Amino acid sequence: MGRKPRSEPYGAFRVRNQLTWPTRTIFSEDCQKAAARKAKMKLKTFACPPLPLGPNATTATSMSDDRVQFQLGSSPETGSNLDDGDSLLEPKETRKRKASPINTEQKRAKITNVGTSSDFHAALTMLDDPDDQCAREPIIYIDPAALSLAPTDEPSEFSQHALEKDAADLDGKPTTDDAPFANISMDKEMKAIAPSTSKIVTPEKEEIILPLRELDEEDEKQRLKMQVLISNFSQEQLNRYEAYRRSTFPKSAIRRLIQQYTGVSPGQQVVIAIAGLAKVFAGELIEEALDCQKAAEQTSEPLKPHHIRQAYYSLDRKGKLYPPKGSRKNPLF
Amino acid sequence: MDEEDDIFGSDLEDEEKKKEPMREEDKKFLFRRELRTMLYGFGDEKVPFDKTLETLEAIVIDYIKELCAKAMSVGKPERINLEDIHYLIRRDQKKSSRVKDLLSMSEELKKARRHFEQTKMNL
């Protein structure tokens with residue numbers, strides 16, 4: 001049937017200790033700092049690519065446009081320039097990878113999810129740096145379609161617009177409605193609106209932002225590492241990453257389930273929370289099952305039910321099933 | 001027996017799903033397609049076994065149900081509040097940070113959409 005044996009590269013997804021990437025480390029740190037990322041750090045990221053690619057940045061080939069990017073003209077050749085062993089994966093032949101424009105847009109949009117909240121803050125605080133380079137680059141502010149919150153079955157016109165903006169500027173093609181110029185004016189409008197809101201909440205924001213400034217250093221490092229990692233992915237890995245990021249339980253089904261079981265109709269945020277929890281739980285279960293399978297050295301086939309069951313009991317033993325099952329052991333003893 | 005309820009529910013709601021024609025089995029269970037994608041995303045093969053999906057789905061649905069049951073017993077009776085969820089999750093760092101992240105993202109999305117609507121109206 002053409003099932004390939006499991007090979008190293010996408011095993012790297014689950015090599016949690018070696019890569020800073022996967023679920024446990026990056027995600028939790030990401031979450032904690034997501035709401036308070038300082039815009040200036042991000043603007044720096046936009047303006048100056050993290051790698052010394054001064055001359056190369058301008059010679060961004062069309063292939064590099066197809067590559068996953070966080071900022072314009074940045075790091076097209078990360079694959080070749082980074083041999084510092086930061087990524088365990090050998091730099092794949094990323095230049096040979098051909099991606100259709102739609103896929104790249106989606107992926108680009110998807111990938112910028114990592115910096116979405118920071119982009120949003122970038123938009124809000126852009127009043128500080130009116131002539132910052134960022135003003136010219138219509139980076140996707142928020143792309144709802146990219147977030148696991150709002151998967152592909154909920155495209156909003158906002159995300160459409162964001163995708164079109166992206167297409168306009170990075171591929172040099174005219175968008176369906178307007179020239180890129182219109183997009184840029186839209187950005188200015190957004191910024192015009194943004195200052196008004198940020199003025200209102202500025203005092204609080206400053207209080208919040210100040211103590212977190214130190215954290216953003218490692219936050220940025222984290223993001224850069226992510227960028228590097230993702231830009232080195234092969235097609236297979238990108239597919240897998242996309243599946244990981246985009247998969248989510250449908251809110252309608254979850255709401256229905258909760259209603260059936262409890263008779264209470266839950267609020268929207270509750271449904272979002274539970275959907276996210278279910279996904280994290282499923283992820284823990286699957287990863288544990290894959291570990292069991294690896295230990296039993298049966299890695300040539302897909303997971304079997306007995307692996308899953310084994311994983312479930314193993315999680316139980318570790319006390320990770322706590323809500324809703326299992327007793328809460330005192331963490332001090 | 002719990003899956004019986006789900007089967008009826010999902011059959012009735014089938015027209016609402018605007019997705020590509022699903023396989024026959026997928027119509028009968030709540031989370032088949034999503035679980036398939038998740039399995040792939042978390043490291044399994046592209047085409048998982050059916051039995052694996054069944055087991056996984058049963059476990060996840062059970063998890064959700066137990067979570068809701070606990071949430072009901074905590075805090076306000078007969079209601080599921082966000083605070084209850086936070087309370088139940090607080091020991092699990094990964095999950096609690098994920099929930100916080102999701103909720104803050106949804107807030108930002110709402111704000112952004114509101115701004116977008118305003119700019120649209122102003123234009």
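All values derive from a computational prediction rather than experimental measurement. A note on names: the letters A, B, ... follow the listed sequences, proteins ahead of strands, and every chain is numbered from 1.
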Donor-acceptor contact present, side-chain A/R240 to main-chain B/Y40, <3.5 Å
yes
Between B/T52 and A/L303, is there a donor-acceptor pair closer than 3.5 Å when you use the side chain of the first and the backbone of the second?
yes
Approximate separation, where rounding is to 0.5 Å, of A/K304 NZ and B/K51 NZ
12.0 Å
Supply the atom-to-atom distance B/L102 CG to A/K279 NZ, rounded to the nearest 0.5 angstrom.
9.0 Å
CD1 on B/I61 to OH on A/Y261, rounded to 0.5 Å:
12.0 Å
Please check if the side chain of B/D44 supplies one atom and the backbone of A/P302 the other of a donor-acceptor pair under 3.5 Å.
no
Quick one: do B/Y63 and A/I274 satisfy side-chain contact (heavy atoms from CB on, under 4.5 Å)? Show the steps, please.
CA-CA 10 Å; B/Y63 178 79; A/I274 293 193; over 6 Å; no
Parallel, tilted or perpendicular, as decided by the 30° and 60° cut-offs, for the rings of A/Y244 and B/F42
perpendicular
Side-chain contact, heavy-atom cut-off 4.5 Å: B/S106 with A/Q269?
yes
Heavy-atom distance under 4.5 Å to chain B: side chain of A/V264, backbone, both or neither?
side chain
Under the criterion side-chain contact (heavy atoms from CB on, under 4.5 Å), I'd like the reasoning laid out for B/T55 against A/R309: C-alpha separation, chi angles, the key distance, then a yes or no.
CA-CA 8 Å; B/T55 332; A/R309 257 175 258 124; 4.1 Å; yes
Should the pair B/K95-A/E284 be classified as a salt bridge under the 4.0 Å nitrogen-to-oxygen rule?
yes
What's the separation between atom SG in B/C68 and atom CD in A/Q259, rounded to the nearest 0.5 Å?
11.0 Å
What distance separates B/I64 CD1 from A/T262 OG1, expressed to the nearest 0.5 Å?
12.0 Å
Would you mind reporting whether B/L56 and A/I286 have side-chain heavy atoms less than 4.5 Å apart?
yes
Non-hydrogen side-chain atoms of B/V60 and A/F249 separated by less than 4.5 Å
yes
Any side-chain heavy-atom pair of A/L257 and B/K65 under 4.5 Å:
yes
Applying side-chain contact (heavy atoms from CB on, under 4.5 Å), run through A/R246 and B/T37 and close with a yes or a no.
CA-CA 9 Å; A/R246 296 197 108 143; B/T37 321; over 6 Å; no
Do you know which two heavy atoms are closest between B/I59 and A/F281, and how far apart they sit?
CG2-CE2, 3.7 Å
Rounded to the nearest 0.5 Å, how far does OG1 of A/T248 lie from CE of B/M38?
6.0 Å
